[in-house]
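Counting starts at 1 for both ligands and their atoms, in listed order. Owing to the predicted nature of the structure, the values given are computational and were not obtained by experimental measurement.
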Amino acid sequence: MDISTVNSLCYEDFVDTFGNVVEKAPLIAAAVWSYRPFANLSDLEAHISDFIDNLPESGKEGVLRCHPDLAGRDLQRGTLTRESQEEQSQAGMASLSPEETTRMHHLNAEYKRRFGFPFVICAKMSDKAGILRQLNERSGNDLTKERECAINEVKKICCLRLRNLVLSDTRNKL
Ligand SMILES: NC(=O)N[C@H]1NC(=O)NC1=O
């Protein structure tokens, strides 16, 4: 798909295509459709990023709360979105030992108790050891710093999902 194809999508098709670039937040795609035509993929990405930045803190936390836990209930039940399933599998979350799973559950629960939203990290840019290290380190942040850190990870996830959709069949068009 090239950018002129993206720009030609009606909002129903646009939301069908880009509705999960921010996990379970199709409202964001529905909102940024208003900014067509996009000059290129970075322009679309910048509008998504601005939309998120302009949310009140409760909205940013809402975006974070739409993310599934890493190695959590949805992974175990097979109810992750297609994108999350691929990302978590690639980062080794689907093949943890029972001890590692217990440790992840414990750390995730501690993090949630502290911040009131789940630990979010761009799994594709990390691995099992990196995720555990970040989970430990970021748990020591204060709320303001951690919210910002987590939202940055949402943007990284979004960037990779967008690139996967738009560049998958025409790598040189944008
Ligand atoms: N909680 C969390 O980070 N979830 C995720 N991260 C990612 O890259 N895919 C996810 O499902």
Open item on the list: Is it true that, when you exclude Glu148 itself, more than 12 heavy atoms of the residues, nucleotides or ligands shown sit nearer than 6.0 Å to its CD?
Closed with: no
Task: Any donor-acceptor N/O pair, Asn7 side chain to Ile3 backbone, under 3.5 Å - done: yes
Open item on the list: For the CZ atom on Arg73, are there more than 12 heavy atoms of other groups (residues, nucleotides or ligands in this structure) within a distance under 6.0 Å?
Closed with: no
Open item on the list: Please list, in number order, the atoms of ligand 1 under 4.0 Å from a heavy atom of Ser84.
Closed with: 10 (C), 11 (O)
TODO: Classify the angle between the aromatic ring planes of Phe119 and Tyr111 as parallel (below 30°), tilted (30 to 60°) or perpendicular (above 60°).
DONE: perpendicular
Task: Note: Arg163-Glu45 ion pair, threshold 4.0 Å (strictly below) - done: yes
TODO: Indicate yes or no: does an N/O atom of Gln88 lie under 3.5 Å from an N/O atom of ligand 1?
DONE: yes
Task: Min N/O separation Pro68 to ligand 1 under 3.5 Å - done: yes
Open item on the list: Quick check on Cys122 - does any of its heavy atoms sit under 4.0 Å from an atom of ligand 1?
Closed with: yes
Open item on the list: Suppose we measure from atom 8 (O) of ligand 1 to each protein heavy atom; which comes out shortest, and what is that distance?
Closed with: Ala123 N, 2.9 Å
- [ ] Within a distance under 4.0 Å of any heavy atom of Phe119, pick out the atoms of ligand 1 and give their elements.
- [x] 1 (N), 2 (C), 3 (O)
- [ ] Check whether any side-chain N or O of Asp69 sits under 3.5 Å from a backbone N or O of Ala71 as a donor-acceptor pair, and report yes or no.
- [x] no
TODO: Have a look at ligand 1 and work out which part of Val120, if any, has a heavy atom under 4.0 Å from it: side chain, backbone, both or neither.
DONE: both
- [ ] Considering the heavy atoms of Ile157, write down every atom of ligand 1 situated less than 4.0 Å from one of them.
- [x] 6 (N), 7 (C), 8 (O)
Task: Donor-acceptor contact present, side-chain Asn20 to main-chain Lys24, <3.5 Å - done: yes
- [ ] May I ask you to identify the nearest protein heavy atom to atom 3 (O) of ligand 1, giving residue, atom name and distance to one decimal place in Å?
- [x] Ile121 N, 2.9 Å
Task: Shortest protein contact, atom 9 (N) of ligand 1 (heavy atom only) - done: Glu87 OE1, 2.7 Å
